[in-house]
Each structure stands twice: as structure tokens, then as C-alpha cells.
*Asks:* 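Quick one: the structure is below, and I'll ask about it shortly.
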Amino acid sequence: MAQREIKPCQKEPAFIQQYGLDPLWSALSTSEKHRMGLVLVELIKTGTESKPTANSFRGRIFQDSSWKKAGWLSGISLDAVGNVYTIPAPLVSVLDNPPQNQNSIFRVDAQTGIMQKWLQLPLKKYESGNSPFGLMGISFDCTSGILYASSIAGSKRFQEKGVVYAIDALSKKIKDSLVGIDVIGMTLYFDPADKKRLLFGNARTGEIWSVMIDKNARFVKNSLQKELSLAGLGPRGDDKARKIRFSNGILSINGIAFNYNLQASSEKPETVYDFKWNQGAKKWELVNLY
Amino acid sequence: MTNTPILKNYCSILLSTFLLMPFFVLAQAGKKSKPVLPSGGYVNEFKKGLLEPASNDTNQYALERKKEIIATLSQEMPVKLLEIPNPPPNFMLAQQIALSDSIFTLYVKNKADKKKLFNEIFGVYPARPGDVKPGTAFLPGTLARVEMYNYAFNLTTVGIVDIFSHKVLSVTHYPQTQPDLPKRLVDLATTIAINSPEVGKALGFKPGLNQAIMSSTRTALNRTKCERSMHLCVAPTFVQGTRALWAIVDLTDNRVVGVRWTNTGEDSLKTPMTERRLQNENIADCFCDKVNQLKKFGWQMDYLLTSSDGLMISNVQYGTKRVLNNAKLVDWHVSYSGTEGFGYSDAVGCPIFSQSAVVATEPPQIFDLVEGDSTVGFVLEQKYFSELWPAPCNYSYSQRYFFYKDGRFRVSCASIGRGCGNNGTYRPVFRIAFAGNQQNFFEWQQQGWKPWAKEGWQLQNSLTQYDKNGSQYRINTNGQDGYYIQPGQGQFKDGGRGDNAYFYVTKNHLDKDEGATDMLTIGPCCNTDYQQGPEKFIDPKPENIQQTDLVLWYVPQMKNDDTPGSKYCWSEAYYEDGIYKIRAYPCFAGPLFVPTKK
């Protein structure tokens, strides 16, 4: 049996229709230039295409006033009823992203479209020399209702203090945490033995690791294993995994330079590395990069 | 993690490399001297000081390499062929066939400006099975793989050549990729490394060519990346016991980027030392995690690269007199007039684990300050870069402290472009705290020096009055002892066009943080008035500032300009010797402090 992806929840938020948009022909974005926060972007159908692509023309942009309250944002993940979870990430400066919010998860209600702080994860006072970031990655597991969130708040140069949280979205309770590892991109998948694993990119080394998750959403700590490394690959050779996803048996990793500073990530060149599992050799093989 | 002796060694290498280099500037107003200025505007990022003339490498190997480049560029096809002793049959023919193909040579000249770029054939090999498309007909042993490197575009081109039919079967261009180096470039890189003062100092002796060997890999060079400069780089590595000294050599500029010791464990071999990693770790070890001391020409001080307030000097003393508690550069506010509210608040400082958006990648530099034939003081300078500078929407800044033998000093900084447009205004925020608990502050008016009684701010403009020496303010730190403050009016002959500065004076409460610790972003990008951040330290009911501890804040305003002939706060790429280099037009600003008593 090969590696299998766990698809993200596809349920579109009901509030999109309040804006008079077709949910299929619209997209939520946190990376619009000069637009802080979350926005809803209309995508324009120009021909006979059945669904939008990455190159689809963009139309009107909508933004509820509450979508700006958390400052600049990064990851977005939807749950099974269309609630939108998102996390703050400072862009160039912390002026709009005060350190006290760097470990807060925000949620846009699927029905009302209003964004509110949903959960404050543990956070110590910011000290000079710490990571300027808090939450870095977010991924909702539709098969279990668990939201996975990674934070590097409090991490220091010689002390890796990052945490990956497994949060029950219904009760908001932290079911388990993986402590002492700085993680950016994450995704969930079933391994060849059909065990659910969280695949995640280390923010310091460019290595991609995985850990098994049991039925109670607990990390099986002794199952931690290194899967592959981006070190030395691509035009820069020191990329870290910003985003990880599976599609049709291909593991795609978006790599960027990341050095625990506030250099504008939007201006950073990004390389996509495609890997395929070689069952015979029992390892991931780079099949493409672009 | 490195141990302390190694760390001490790095830091001394970094410092000694940049010490005692002369720094030429024009004389201060009113003094006569003949300055030495570079021709052709300012300089590219790799010259040692922003105003220093370019120095030519006079080593024989550098001269020979330059000759090769010039000879190659003089040809119609600017490609240096690969020549080796006793070449196999058809070695040169394979290269000639490749160069006759218009796809293979697509990038040897820049289509945009028609300039000839420096290209070099790095390898000619028998084609590999995977190089040939299935179904391609060819005679066994007749296919060659020709690899060419383009230095300007950091691009590798691979051509599969059929020697029998004299045809090129396929061509692939690989951006941001470097092929394996031919032996002569391996030797050149090693020669550059063994002749560099950094390597000699780190090892304690000048190594020989055959000592650049990683014993465990049996190769003379380790692969590395110059991911910042996007240049061709390799890393001759020198093993000493259980340690390895990595010297990253840039073969586009023919210079050593830096050196760093690692332990020769398994992990060390798996994770290559790259330009960015080497620079970041060296800067963090030696200047972010460590306070350095500087003593020169009667001055002494500590300096530290902060997380987000630039290079901070502290405990500054001239002779036996304590002058400054500290001074630093808190923020850069950049606003663009074309789009309402568009701009950035950039912090500058340490490259890792910092809140900086534009980071230090090179160590602070210390230069002698030369006016005419005399050394009149010294300069402490720190530069900061965005990764892709000078591409649009990337930034570079310089921060300079000048210390004169006669007790004057100047706090200054510059934007070195390029930013997001030609309608930008830069507003750096300096925080300057003098020593002394009984300070008084004055402003020059027609009738003389008028004391300020309360906290406040003021804008330097066309109506501003100066005394006969150009002083606008005066701070007394101990009785009548203190400093005149001369804002920039274009008098410093460093290209600055005047500061148009906001000046703030606030009371320094000793029992609370008045901005002395590393500050988070102090203000928004795009306020065009006095609200740049320091006003937050002025109480709603401004406090009395007589006979007390003060903080001075200085916010000059520099408008950028890309007009040919008057470029300012700007930078651009220019063509030279087959590659593109960077020319900068910095806009310097900052006040001079002149002792009230000699």
C-alpha cells in the first residue's frame, strides 16, 4: 500500500454567499499585497473552464471589518462545517501583530462570517533574541475533528522550544503536544501501513519528519522519524518547508528561506519540491522542482 | 555548537579583517582638504566601505583571471572554452558543435541590453543514459554532454551533442544552478582561499594547495551555495584534528566570502556550510550574542548588534569623560506618496532570531577617517541588506558613527535604495542618550541660546535658525559643558542633501524603560508628520526637562530620487566585465555633535 493523502475539508463557508459570490469561484486569502488580514477574492471565469486555477483572473475583493483585527495572517484551514481557522504572522514589523497575539488562533464563523479570537495557546512574555513568530502552521484533520497547530513562540537560537498542538476543535481542549521542535508546514497522511501520521517541516534544518497519531489524537512519540531533507536542494540549498501537501501520490513541499527574522516572506523566492515514495528503496525521491 | 576558543578565534578574524582600513571623506565645512572619492558614483556591495575607492586585487592569479575574462568578452561568442591537458578525441569539437547551436547560446548575451556576458564551459563528458531521449538514433560513443556556466545569470546550460552528425540533440537551461567545476577553477578557488588573510589567521599558518582537502570525502572542495549573492561558490575546507575550516570562495567575484570552523562529525558533512549560514552564524556569534569593546584615538565604547535597533553603542567615553549612555537606530519608516498608507516600518539588526526586516550580513567595520593627508578620527559602520537587494522592494541601509580625535562625533545613517518606487521618503529614528543626570537643552534663536523647559519636538525647515557654526541645538550635560548639535544641511559632503529632521527631547525616567532596551517597532510607516514614534514618550502634559536626564530623538527625512545625475537613496545594477554589479547612491543623514569646550 502506498502513502495516502488525507484531503482537507472541502466544505465551503456559508458566509461566502452573503457576498453574492459562487463559493467555487472565490477564494480566501491572507497574502494580498497591501491588504492586511483575511480577504475574500472573486475569481473570474473567462472561458469554458469548469473550475478556477492558480492563474484565474481576480475580480472584486471583500473584507469584513473583523478580518483585520488579528493583523497580518498566514495559514488558513477549514473544518467540516466551513469554519475558517487562521493564525497571525507579522509581516516586516510587529506593529500590527503584537507579540501577545502571536499564539492565538482566530476563527471566522462559517455562518456569520465574523472573525474572533478562538483560542489562546500558552505564551510567555516576549524577550529580545526570541523567535519573532508564534504560530506558524495549521492543519485541520477532517477525519477526527482535530486541529493541528505549530508554534515557535519562545524559541531561541540555542533552545528549540517549538510545540505542535493537537486541539479538539469541539471542546478547544489540547489533546496532546509535541514539544521541543520548531515546525512550519504540516499535513496529515496515511503511511503504507495505513497509520495516520503528521508530516511536518523543521524550521531550522529543512528536514521533513513524521510522527504517528493514534486514535485518541495522541502523538506516538517513539514513532518520530525523519522522512527527507531539503538541505542542499534547489537554488538556495537551505530552504525550509513552508507548506506541505499530497496530491495523487506526489508530496509537494513549498520551500523558502527562513531565518527567524522579519524579512518579508512575500518577497522571498519559493521553490516547490515534488517527491515520490519509492516503495522498493523505502525512501522519498525528488522527482521535480520548480 | 562551537566551543569558546573557536568562537574567540572567529570573532577576532572578523574584526581584524576590517580594522585599520582608511576611510576617506570630504572635509567638514570650513576646512580645506583634498578628498579621495571614488569615480563613477558610489560602490557595489562588496567594496569595503561605502565611499572607499575600489581596490584592485593585484595577486597574479587574479590578474590572470581578469585577462581571461577580458579576452573572452572580446570574442564575438563570449564563452571561454574548456582546455585540458591531453584531451580525449573530439573534446574541442563537442564544444564547437554546442556553441554553433542558437538554443545552447541563447543566454550568452543579455537580450535586454545586448551586453556580452561571461560564460565558461565547465565540462565535456560522455553523455549519460538519462541524457538521451528514448528513441533517439545515434552511434554508440558519439554523444557528448557539454556543460556551460553563465556567471551573470547564475545559469547552467547543458547540451547533448552528436559528434558524428555535428548536431545538438537537446539543450536544457537550469536557472540558479552551478555545474561541477573543472580542475582549473578548483585550483583557482583553492588558491584564493590559501592566499586569504582570514584563512591564514584562522589556521595560524598559510596552508598549501594540497591541504585544502576534506579527508573524509577525498575532495578538495565542498559544494556550497551563495544563496544571497547568487554567485558561483565553492568551499575549500581545511581539516585540523576534529575540526574543519570552511572557506567559502566566490568565483564570480574571486574573493573569500567568509570562514567558519565546524566539527568534522557526520552531521557537519550532511549540512553544507553556505554563504547565508556562515554569515548569519558568524554575525550572531560575534556581534549579537557578544558585546564588543572599542578603544581608539581617546575614545572608548561598547558596541552590540541588537535584535531590532541596529548597531548600538554604549558607555561611550572620550578621554576620562563619559559622553553617551547609548545611541541606536530604532526604526526605518519608509512611505510612498503614490499609494495612501503604503510603506514599511523596517527594523535593522541581527540576521537571526531578531525582529529585523533588513539584516546585518557582514561584520561592523572600523575605518580610519582621513581628511586630506591626516587621520582625524575613525568610523564604525554597519550595513544591512534585504536578501534580494537591489531588486525592487528590497532595501539596504548603512549606519555610521564618526568619532573625531578632537572630541566631535556624528551619528548617521543612509538608505541605499532601492525600495518599491521612486516616490519614497525614508525616516530613520535615532535614539541618543547622553550621560549625566543634570542635563539642559537649548535651541539657537536670534538672541542666543534659549532653554527648553518642557518635553517637546521641532521640525528643521527653511526658517530654522542656526548659530554661526551651523548649530541648531545645544545640550549641556554638566554645567556649561556639553555639545552643540549640528543637523545635516548638506554640509557633510557625503552626498547628504539636508536632514529636514524632527527633533524630540524627552525626559528619561530612570525607574522605567524609556526606550533603552531593544524596542519593538516604534511607529507606523507612513505618517508624514511628527508622529514617528518618539512623541509617545512625551507625556500628555509635557514634563519639565531642566536639570534632569534626557533622551534625544532625531528623525531625518530623505526623499529618494532616480533621476539620472541626481540619484539619491537609490541603487541599481550595472554591467562590468561580463557580469552585473551594484552601484549605490546612498542618502546620508544625521547630526554632528561638537563639544562646547575644547
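Quantities reported herein were computed from a predicted structural model and do not represent experimental measurements. Each chain gets a letter, A, B and so on, in the order its sequence line appears, and its residues count up from 1.
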*Asks:* Show the nearest heavy-atom pair for residues B:Pro524 and A:Leu95, with the distance to one decimal.
*Replies:* CA-CD2, 3.2 Å

*Asks:* Please classify the contact between A:Asn130 and chain B as side chain, backbone, both or neither, with a heavy-atom cut-off of under 4.5 Å.
*Replies:* backbone

*Asks:* Closer than 3.5 angstrom, by distance alone: can the side chain of A:Asn261 be matched with the main-chain N or O of B:Ser354 as a donor-acceptor pair?
*Replies:* no

*Asks:* Find the distance between OH (B:Tyr344) and CG (A:Leu262) and round it off to the nearest 0.5 Å.
*Replies:* 13.0 Å

*Asks:* Indicate the atoms forming the closest heavy-atom contact of A:Gln263 with B:Glu387, along with that distance.
*Replies:* OE1-OE2, 3.1 Å

*Asks:* Look up atom CG in A:Asp96 and atom OG1 in B:Thr521, then write down how far apart they are to the nearest 0.5 Å.
*Replies:* 9.0 Å

*Asks:* Looking only at heavy atoms, what is the nearest atom pair of A:Asn259 and B:Asn280, with distance?
*Replies:* OD1-ND2, 3.4 Å

*Asks:* Identify which of B:Asp346, B:Thr177, B:Val359 forms the greatest number of heavy-atom pairs closer than 4.5 Å to chain A.
*Replies:* B:Val359

*Asks:* Is the shortest heavy-atom distance from the side chain of B:Asp289 to the side chain of A:Arg157 under 4.5 Å?
*Replies:* yes

*Asks:* What are the two closest heavy atoms between B:Lys225 and A:Pro235, and how far apart are they?
*Replies:* CD-O, 3.7 Å

*Asks:* Check this for me: A:Lys117, atom NZ, are more than 12 non-hydrogen atoms of other residues, nucleotides or ligands nearer than 6.0 Å?
*Replies:* yes

*Asks:* If you count heavy-atom pairs under 4.5 Å between each of B:Cys350, B:Ala347, B:Ser386, B:Ala284 and chain A, which one has the most?
*Replies:* B:Ala284

*Asks:* Flag yes if more than 12 heavy atoms outside A:Lys156 fall under 6.0 Å of its NZ atom; otherwise flag no.
*Replies:* yes

*Asks:* For A:Pro99, is it the side chain, the backbone, both, or neither that has a heavy atom closer than 4.5 Å to a heavy atom of chain B?
*Replies:* side chain

*Asks:* Who among B:Cys288, B:Gly523, B:Cys525 has the most heavy-atom pairs with chain A under 4.5 Å?
*Replies:* B:Gly523

*Asks:* Look at A:Asp238 together with B:Arg277 and state whether they make a salt bridge at an N to O cut-off of under 4.0 Å.
*Replies:* no

*Asks:* Mind telling me whether B:Phe353 and A:Tyr260 have parallel, tilted or perpendicular rings, with 30° and 60° as the class edges?
*Replies:* parallel

